[in-house]
Amino acid sequence: VQYFLKRIASQLKNAIKMGGENVADSAEERVMQNLKTIEEWALQGMSQKEMAKLLGIGESTFRKIKKQNVALLAVLKQCANTRKKIMEEQVKSVEVSLFQRAKGYDRIEKVPIKVKEEYYNKDGKKCSIERVELVEKVIHIPADVQAAKFVLTNKAKKEWLENPHKVENDREVLKLRKKEVEAKEW
């Protein structure tokens, strides 16, 4: 992370051109000049504190500018929504894969096989040719018990509790402990 931040900081310094004609007069101008860079950072998941540090302004100043500047606020909101959608898609993809693994599935795999062809040449002599062909073979991946257990305990909690009587047992143990404490006090 530190390497990543240092690399981005050097890129930003080159973009801002300290001491040149593009030096920002205020923190807000610096933010506006680097709006595209800020958008890239936000899409990468960088925090506002890290962005402010790389811009050379305080975090509170960055937050103040964000409240006042509609363009910055819009960019940050759009990036947050984009990151949220990407994360939702990734989670959904993993859920689908986990469910498939939990119930088992068939996979088609291309397997090389040797084919031997026999024929007779012009002289009536028996000849043979061998060649390799790729054939599709269905391979069954069996259900994974751990994946099934994980899916069921998270998606059907009431029916698939690890220990369905745990709450009742814990209450009984608590009652017994209270009685023991009361008995020791007398």
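What you see is a predicted model; the values in this text were computed from it and never measured.
The side-chain heavy atoms of F62 and I38, taken from C-beta on, include a pair separated by under 4.5 Å. Within the 4.5 Å cutoff, the side chain of V75 has heavy atoms near those of the L35 side chain.
The two residues G56 and R30 have their closest heavy-atom pair at O-NH1, 3.4 Å. Residues M51 and M46 share a closest heavy-atom pair of CE-O, 3.2 Å. Scanning both residues, G104 and H140, for their nearest heavy atoms gives C-CE1, 4.5 Å. In plain terms, the two heavy atoms of K155 and E95 that are nearest each other are NZ-OE2, 3.9 Å. Taking all atoms of both residues into account, the shortest heavy-atom contact from A102 to A143 is O-CB, 3.2 Å. The two residues E50 and S47 have their closest heavy-atom pair at OE1-N, 2.9 Å.
For the atom pair OG (S128) and OH (Y120), the distance works out to 11.0 Å, reported to the nearest 0.5 Å. Distance OG1/T82 to CG/L43: 6.0 Å, rounded to 0.5 Å. The line from CD of E28 to CD1 of I65 is 5.5 Å long, rounded to the nearest 0.5 Å.
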| said: Could you go through T37 and L54, starting from their C-alpha distance and side-chain angles, then the distance that decides it, and tell me whether this counts as side-chain contact (heavy atoms from CB on, under 4.5 Å)? | reply: CA-CA 11 Å; T37 306; L54 291 173; over 6 Å; no
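Taking 4.0 Å as the cut-off between side-chain N and carboxylate O, K92 and E89 do not count as a salt-bridged pair. Using a cut-off of 4.0 Å between Lys/Arg side-chain N and Asp/Glu carboxylate O, E130 and K114 are scored as salt-bridged. No salt bridge links E182 with K178; every basic N to acidic carboxylate O contact stays at or beyond 4.0 Å.
For I108, the CD1 atom counts as loosely surrounded, since its 6.0 Å shell holds 12 or fewer non-hydrogen atoms of other residues, nucleotides or ligands.
By the side-chain contact (heavy atoms from CB on, under 4.5 Å) test, L176 is found to be paired with no residue, residues two or more places apart in sequence or in another chain being considered.
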